[in-house]
Amino acid sequence: MDQKKFYITTPIYYPSDKLHIGHTYCTVATDAMARYKRLQGYNVKFLTGTDEHGQKIELKAKEAGVTPQQFVDNIVEGPKGVKDLWKLMNISYDRFIRTTDDYHVAAIQKIFKKMYEKGDIYKGTYKGKYCTPCESFWTESQLVNGCCPDCGRPVVDAEEEAYFFRLSKYADRVRDLLVNTDFLLPRSRVNEMVHNFIDPGLEDLCVSRTSFKWGIPVDFDPKHVVYVWIDALFNYTTALGFMNDKYPDSDYETFWPADVHFIGKEIVRFHSIIWPAMLMSMDMPLPKHVYGHGWLLLDGGKMSKSKGNVVDPYLLAERYSADALRYFLLRDFPFGSDGNFSNELLINRINMDLANDLGNLLSRTTAMADKYFGGTLPTDQAEGPEDAALLEKVGGLRARYEADMEAYAFQNALADVFEVIDNANKYIDATAPWVLAKNEDTKPRLARVLYNLAETLRVCTVLLQPFMPDTCEKIFAQLGVDDSLKTWDSAAAVGSMPANATLHKGENIFPRIDTAKELVELEALEAAQKAAAQAANAPAEEPKAEAAAASAELIGDHEAEISFDDFCKVELRVAEVRACERMKESKKLLHLTVFDGERERCILSGIAKWFAPEDLIGKKIGIVANLAPRPMMKGKYVSEGMIFAADTDVDGGCSIAFFPDSTPAGARIH
Ligand code: ME8
């Protein structure tokens, strides 16, 4: 019989900066799934990589004074770069694609041409405002006082030729795919795609650019570069040899369509609308599932490179081990939902589950085998009344775990295993082996108790392999089991260990951490890291700061200029006021709960003098969405944004900009 195959992918990450714990989260989840399928005997292909083209990278390289290729090479291949991080995290990818790889570039050109020849890509005109000296197109909303945001000179109406993909043609088929199949998971993400994007009408997509060079040229019209998302999405197929000679076609035949693409929820739109439409155009099979996982948040806000509020996976993995970090990420955060990251959660999880529950069970079991039997259990063993309940739990564990893994519910699969570990620790207390050891007559019972403990540990360890591969090898060594007892089949065969098993007392696999002390040290380390990063940027920053100070003097402090790039960092969005209350702690402030299109957030705003809660509830307002969250009222509240409000007269009136009700919450304001 043919071996069953499984093809799984991560997003290909932008090497615009070092990757952070959010990227690590998705890659670790993908790795756990790949290892789980390998454990089950599947022929697995696990793909990850980097998405290296686009204007942002071109600009970053310019800032750094290197070529875009040098810039991405350093982030991907350089010290503590992407590949180093995946090595540290023990990521078992089979293939790593870089979109600057020659074979990928050539394949994308062919794919683009094929869709063009079919008539699904056509040349049209992109209309906008043009700044002749800067040779740049701008949209109306990007202009500053009607002028070019870069140089401040007047702009003219202009048109430019661009290629468009007939996305509209596929709207019905894509809608059907989302609504009537389980293509997009979790199901909760389907509504947003259908109601916010498909139902209002899908417009054709502009798929070429002429405003920058760092991309894949359209080979039959080389002043255009291919839109970065077309370049990026087809990576999932070019890495299997589709339309190139780097890998054999047979890989494509064997592994395509993908079983699942794991991606973060912010790129669900690209993967569930644009990607299937392009595959339909190419007459290619569609991936079986796209799973949009939730975000790791820091102080309630999304961690992201552009905000700079990121957690360094290197520091944590080097300090606590890759396995501890892998376990924590997949145990604490339900995969489909957002979760707040904190160092305290990480340390508590290591202490509770890994040091106390798993570590103690192993060290107690091996220490008792060593102390009472010199390591090797006697075959003369006696069952007892406590055994049945434990063995039943262990016996059903694989099936429960499998159901959870198939639903990508890693947190539940791990909870299943740790429930059994907890049962085993309680079994020790109930059977009291130290009492059984006192009497020769109860030694057979003691031997059985230790055997059951070792067997429970073995089954749990088999199932923990996808999550903590290194640790599991250490546990297997202490349990003295050979490879035949590490398999998927053996996890359903309780009692597979030989009765005269030899256990080896070994090192403590997860020493307990002193939480209070560790949190202080960790904070100091993170602060030192930030300071070092700032110092590294300082020479470039100083002249900018001086220039800013000088221009502030000229035009008055309150109107200090910021660059267009700085302005682009500000994320302005429409939000719906879902609740609003006066605060007993302050007469000036209103407590608003607003929905930003993704989640609800709290904003405290000093407008209570002018507005009553009922003036605001249900209204669509503008907010600055990426302001660092600010603790207020001695940390009792954290305000996560600012609302647009205008000073209306000298003695301090105030008005608020309301958007029409039809504006969707989350819409970007330009
Ligand atoms: O979007 N929490 O690349 P990217 C959880 N190149 N996951 C997070 C996260 C967070 N705070 N931040 C990032 C791109 N991620 C494109 C993808 S695919 C054809 C092209 C993870 O570097 C999450 O999986 O911005 C998210 O989708 C991905 O990193 C985005 O990485």
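Both counts, for ligands and for their atoms, begin at 1 and track the order of listing. Bear in mind that the values here come from a model prediction, so they are computed numbers and not experimental data. Sequential numbering from 1 along the given sequence is applied to the chain's residues.
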Which atoms of ligand 1 are found less than 4.0 Å from any heavy atom of [X]?
X: His20; answer: 9 (C), 12 (N), 13 (C)
X: Cys26; answer: 24 (O)
X: Asp51; answer: 6 (N), 16 (C), 20 (C)
X: Ala232; answer: 19 (C)
X: Gly294; answer: 5 (C)

Self-check item: Gln529 CD: over 12 foreign heavy atoms closer than 6.0 Å
Solution: yes
Option with minimal heavy-atom separation from [atom], where the choices are [options]:
atom: atom 21 (C) of ligand 1; options: Gly49, Ala29, Gly22, Gly339; value: Gly22
atom: atom 18 (S) of ligand 1; options: Tyr13, Tyr236, Tyr25; value: Tyr236
atom: atom 1 (O) of ligand 1; options: Ile267, Leu233, Thr50, Asp338; value: Ile267

Quiz prompt | Residues forming a ring-ring contact (aromatic ring centres under 6.0 Å, His included) with His293, sequence neighbours excluded | solution = Tyr25, Phe335
Self-check item: Residue pairs, two or more places apart or on separate chains, that pass side-chain hydrogen bond (donor to acceptor under 3.5 Å, both in side chains) and touch residues 246-255
Solution: Arg95-Asp251
Practice problem: For ligand 1, note which part of Trp229 has a heavy atom under 4.0 Å away: side chain, backbone, both or neither. | Solution: side chain
Quiz prompt | Which segment of Leu296 sits under 4.0 Å of ligand 1 when only heavy atoms are counted | solution = both
[X], any N or O under 3.5 Å of ligand 1 N or O:
X: Ile263; answer: no
X: Trp295; answer: no
X: Asn235; answer: no

Exercise. Please check if the distance between the ring centroids of His289 and Phe183 is under 6.0 Å.
Key: no
Exercise. Quick one: sort the Tyr236 and His271 rings into parallel, tilted or perpendicular, breaks at 30° and 60°.
Key: tilted
Practice problem: Could you tell me how the ring of Tyr170 sits relative to the ring of Phe165: parallel (under 30°), tilted (30 to 60°) or perpendicular (over 60°)? | Solution: parallel
Self-check item: Ring-face cation contact, Phe71 with Lys60, 6.0 Å cut, 45° max
Solution: no
Quiz item: Heavy-atom distance under 4.5 Å between the side chains of Ile91 and Arg326, does that happen here?
Solution: yes
Quiz item: Looking at Glu406 and Lys37, does any basic side-chain N land under 4.0 Å from a carboxylate oxygen?
Solution: yes
Quiz item: For ligand 1, is Lys265 a contact, meaning one of its heavy atoms is under 4.0 Å away?
Solution: no
